[in-house]
Amino acid sequence: MSLNPKRETGVAVNWVDRWQVYYRLQDLEIPCHCGLNQQLQVEIQSPIVAIQLWSVVRKLTTSRSELVVWLNSCWQL
């Protein structure tokens, strides 16, 4: 039994955002692959990778005004 199991998961994002997410994950050296008309598949190796994936997807799929509100609330904490 491995203490750090690797899991591959599909990420459902629209086709335009999918490639932006793919290229950003490649920049972060997170293993992923994507075929034509296929879901993006990401290898989740650790909780940090899961958070990075969440952050990349959130940045591309959340409106600027929502991100501003979220950032302001973070600063107030």
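All residue numbers in this chain count up from 1 along the given sequence. Keep in mind the model is a prediction, meaning the values are calculated, not measured.
Within a 6.0 Å radius of CD1 in I48, no more than 12 heavy atoms belonging to other residues, nucleotides or ligands are found.
Each of I51, I30, V21 was evaluated against V56; a single residue qualifies, V21, per the side chain to side chain contact (heavy atoms under 4.5 Å, CB included) test. Exactly one residue among V13, V11, L60 makes a side chain to side chain contact (heavy atoms under 4.5 Å, CB included) with R18. That residue is V13.
With hydrogens and angles ignored, the 3.5 Å screen pairs a side-chain donor or acceptor of S73 with a backbone N or O of W70. Distance alone, capped at 3.5 Å, is enough to place a donor-acceptor pair between the T61 side chain and the V57 backbone.
Considering CG of D17 and NZ of K59, their distance stands at 11.5 Å, rounded to 0.5 Å.
In the hydrophobic clustering of ILVMFWY residues, with side-chain heavy atoms under 4.5 Å counting as a link, Y23 and L25 come out together.
Of all non-hydrogen atoms in L40 and V42, the two that sit nearest each other are CG-CG2, 3.9 Å.
Between L53 and L28 there is no side-chain heavy-atom pair separated by less than 4.5 Å. C34 has its side chain out of reach of Q41: every pair of non-hydrogen atoms, C-beta onward, lies at least 4.5 Å apart.
The side-chain hydrogen bond (donor to acceptor under 3.5 Å, both in side chains) analysis of residues 29-40, with sequence neighbours excluded, yields the pairs E8-H33.
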List the steps, then state whether side chain to side chain contact (heavy atoms under 4.5 Å, CB included) holds for C32 with Q26. CA-CA 7 Å; C32 60; Q26 291 288 310; 3.3 Å; yes
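Side chains of S63 and E66: a donor-acceptor N/O pair is present below 3.5 angstrom, by distance only.
Taking W19 as the reference, Y22 meet the ring-ring contact (aromatic ring centres under 6.0 Å, His included) condition, with sequence neighbours excluded.
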